[in-house]
There are 2 protein chains.
Amino acid sequence: MKISTRGRYAVRVMLDLALHNTGEYIKVKDIAKRQEISEKYLEQIISILNKAGFVHSVRGAQGGYQIADDPKKFTIGMILRLTEGSLSPVACLESESNQCERCDTCETLDVWKDLTAAINNVVDNVTIADLVEKHNSSISYDYVI
Amino acid sequence: MKISTRGRYAVRVMLDLALHNTGEYIKVKDIAKRQEISEKYLEQIISILNKAGFVHSVRGAQGGYQIADDPKKFTIGMILRLTEGSLSPVACLESESNQCERCDTCETLDVWKDLTAAINNVVDNVTIADLVEKHNSSISYDYVI
DNA sequence: TATTTTCCTATTGACATAGTATGAATTATT
DNA sequence: AATAATTCATACTATGTCAATAGGAAAATA
């Protein structure tokens, strides 16, 4: 029941791009340095985000990445589902084709349905913008104290 | 983000033992047949339940297993945590020693905390007795219709 | 042309999952 | 006492995923 680094790093990449969205393109190298993540591994992860249109890229010197839309538009759920696949804790709830023959009489299925709903309810109601806001408010606390 | 067969089978074993709790000891072979799970694999899983005291066993001919207490006493969460380990989706929330150095400034940590709480809230509020009840009520529907 | 960057794909080591296999220990039955 | 039935313990295996690492091609800028 773990979210892999792939999914967690993807969220951090999106947040990093949102926080540093000055108009310039942001290099993987810089994200990797800030987030303390392997450059080469990050390349793979950001490539997933890129293919899905969550970020857009410019190649070559002075190239890099930008977040592709308003941070409000990206929920944690979207990012995790993209990078991790379905967040349902059992395969039977992913698609019709994954259903087993016991589904009709499965006494435990409702638990997994409730669990899936609870998970979705959390991750679909937090956006990158929320994390940006949280970050900014914690920054200003540092100032005040 | 998947619950493995180990955890899911463990829940089904506990439910099976609760449903067939006539006073006789129930053989792995019978559970395996009803649940369509490999006998040998089930042995390993029920052995975990046994060591934790969730079931108790009698060896030898006519031996087998019984659920060790009132089905109300066993939540899905207890069973899953026993067989799967922590249900927290990130390692940082499992124990002090798993915390990384970025914990203090980690903007995503709150999401994982909320997610953990949501998961726990579901699995800790469903007991084996609830599943028994659900099973019995669906049985009686079959009668009526 | 040289440099910087993204893009693409292959490979690797470690680990977990989902079993299978073998047999020892224990108890009831005959 | 012998046999059969059962749990208990441990080792093994095949497959897959994770978390990278590695090497270079393609594109854009300077």
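Below, chain A is the first sequence line, B the second, and so on; all start at residue 1. No experiment lies behind these values; they were computed from the predicted model shown.
- OP1 or OP2 of D:dC18 lies within a sub-4.0 Å distance of a side-chain N or O belonging to A:Arg6.
- Counting to the nearest Å, the C1' atom of D:dT29 and the CD atom of A:Glu24 are 14 Å from each other.
- Listed for the A:Arg12 side chain is a donor-acceptor partner under 3.5 Å among the backbone atoms of A:Gln35.
- Side-chain N or O atoms of A:Gln66 include none that pairs as donor or acceptor with a backbone N or O of A:Asn21 at under 3.5 Å.
- When the P atom of C:dT26 is taken as reference, atom OH of B:Tyr25 falls 17 Å away, rounded to whole Å.
- Looking only at distances, no side-chain donor or acceptor of A:Ser47 sits under 3.5 Å from a matching main-chain atom of A:Glu43.
- Judged by distance alone with a 3.5 Å cut-off, no donor-acceptor contact links the side chain of A:Arg59 to the base of D:dA28.
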For this session: Check step by step if salt bridge (Lys or Arg N to Asp or Glu O under 4.0 Å) holds for B:Arg81 and B:Asp124.
Result: CA-CA 10 Å; B:Arg81 280 188 204 95; B:Asp124 291 336; 3.0 Å; yes
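- Between the side chain of B:Glu107 and the main chain of A:Lys134, no donor-acceptor pair closer than 3.5 Å is present.
- As rounded to whole Å, 16 Å separates atom C1' of D:dA19 from atom NZ of A:Lys2.
- Here C:dC7 presents its P atom at 16 Å from NZ of A:Lys29, a figure rounded to the nearest Å.
- A salt bridge links B:Glu94 and A:Lys2; the closest N-O separation between the charged side-chain nitrogens and carboxylate oxygens is under 4.0 Å.
- Within the 4.0 angstrom heavy-atom criterion, only backbone atoms of the sugar-phosphate kind lie near A:Tyr65; the bases stay farther away.
- For DNA chain D, the residues of residues 35-54 of chain B within the heavy-atom distance limit of 4.0 Å (strictly under) are B:Lys40, B:Glu43, B:Gln44, B:Asn50, B:Lys51, sorted by number.
- Across the protein-nucleic acid pair, B:Asp30 atom CG and D:dA5 atom P stand 13 Å apart, rounded to whole Å.
- Checking the phosphate oxygens (OP1, OP2) of D:dA19, no side-chain nitrogen or oxygen of A:Tyr9 falls inside 4.0 Å.
- The nearest whole Å value for the distance from the CD1 atom in B:Ile3 to the C1' atom in C:dT17 is 15 Å.
- Phosphate proximity of C:dA18 to B:Ser4: present, with a side-chain N or O under 4.0 Å from OP1 or OP2.
- Contact annotation: B:Thr5 reaches the phosphate of C:dA18 (side-chain N/O to OP1 or OP2, under 4.0 Å).
- Aromatic ring pairs are classed by plane angle as parallel below 30°, tilted from 30° to 60° and perpendicular above 60°; the pair B:Tyr41 and B:Tyr9 is perpendicular.
- Going from atom CD of A:Gln62 over to atom P of D:dA27 covers 19 Å, rounded to whole Å.
- In this structure, the CD atom of B:Gln66 is 15 Å from the C1' atom of D:dT6, given to the nearest Å.
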